[in-house]
Amino acid sequence: MAKVLLLVALVVFYVNGSYAKVAPDYIVPCKGHTPECLKKTIQEVIPLFVKGVPSLDIDVIDPLKHDYVAVELPGGFKVELFDGTVTGFRKCIVDSVSYNDGEANLDFHCNVTIKGKYKAKGQILVVAINGDGDAKIRIGGAAITSKIKFHDVERDGVIYHEVKSYDIKYKIEDKVTFALTNLFQGNPELSQTVLQFLNENWKQLVDEFGKPIFDKIVEIAYSKIGKFFEKIPKSELFD
Ligand SMILES: *[C@@H]1O[C@H](CO)[C@@H](O)[C@H](O)[C@H]1NC(C)=O
């Protein structure tokens with residue numbers, strides 16, 4: 001009798017164990033990883049995935065929230081962002097995806113808006129800024145090219161396909177618009193003039209200062225997205 005119970009327990013455990021899916025239901029692996037299937041699947045998954053996966057402790061990605069970020073820009077210009085949010089990822093459009101031998105290439109484009117309270121000090125282009133106010137920066141037509149390398153990692157007998165390294169680049173295909181208050185503390189007229197100057201010279205600003213800011217956003221987003229591959233077994237994600 002005890003043996004039978006043990007057997008039943010083992011069977012139940014085994015069946016449960018083998019069917020207990022970790023991934024959210026909307027994750028369906030693509031057979032053969034064809035670019036068409038990957039593109040369609042990733043496009044469909046984005047608006048759901050950006051809401052986060054509480055059961056896996058994966059945070060919300062749109063809005064992407066961060067209490068405090070400080071970025072030191074070339075030339076000693078320092079920007080701090082408090083209660084920052086980045087929105088827009090849910091509407092990203094996937095342009096192409098490929099996956100071969102542990103290497104993925106993913107190209108997509110989106111409009112992204114960064115908001116928060118900012119402090120900024122230093123020389124930017126030809127103006128000296130000493131600002132403390134509200135910031136809203138709209139990045140229109142950000143075209144993002146990413147190359148992601150995966151590797152297999154085994155934990156407790158389960159194989160995960162984790163991100164080993166990534167190389168992410170961007171290009172602005174539309175434009176960047178700044179709405180910043182109090183760029184020049186206590187001088188609204190000058191603040192307005194400087195703001196207009198920044199908007200007229202957005203391209204030069206992006207060339208000069210875009211990369212460290214972009215890299216910071218990628219780092220924050222990645223710290224959340226990377227968990228996905230650390231928590232969901234390879235067999236549930238890759239055919
Ligand atoms: C970005 O915004 C523009 C309008 O400003 C719109 O035409 C375009 O479709 C948007 N792109 C995406 C990927 O949402």
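Both ligands and their constituent atoms are indexed starting at 1 by order of listing.
The protein non-hydrogen atom at the shortest distance from atom 3 (C) of ligand 1 is N111 ND2, 3.7 Å.
The aromatic rings of Y99 and F238 sit tilted relative to each other, their planes meeting at an angle between 30° and 60°. Aromatic ring pairs are classed by plane angle as parallel below 30°, tilted from 30° to 60° and perpendicular above 60°; the pair F49 and F228 is perpendicular.
You'll find the side chain of D57 reaches within 4.5 Å of the side chain of K227, heavy atoms only.
Within the 4.0 Å heavy-atom criterion, the part of R138 lying near ligand 1 is the side chain and not the backbone.
Using a cut-off of 4.0 Å between Lys/Arg side-chain N and Asp/Glu carboxylate O, D207 and K203 are scored as not salt-bridged.
Looking at ligand 1, you won't find any N or O of H109 less than 3.5 Å from one of its N or O atoms. Of the polar atoms of D174, none of the N or O atoms is found under 3.5 Å from an N or O of ligand 1, judged by distance alone.
Within the 3.5 Å criterion, the main-chain N or O of F184 finds a donor-acceptor partner in the side chain of S191.
Using a 4.0 Å threshold on non-hydrogen atoms, atom 9 (O) of ligand 1 does not count as touching the protein.
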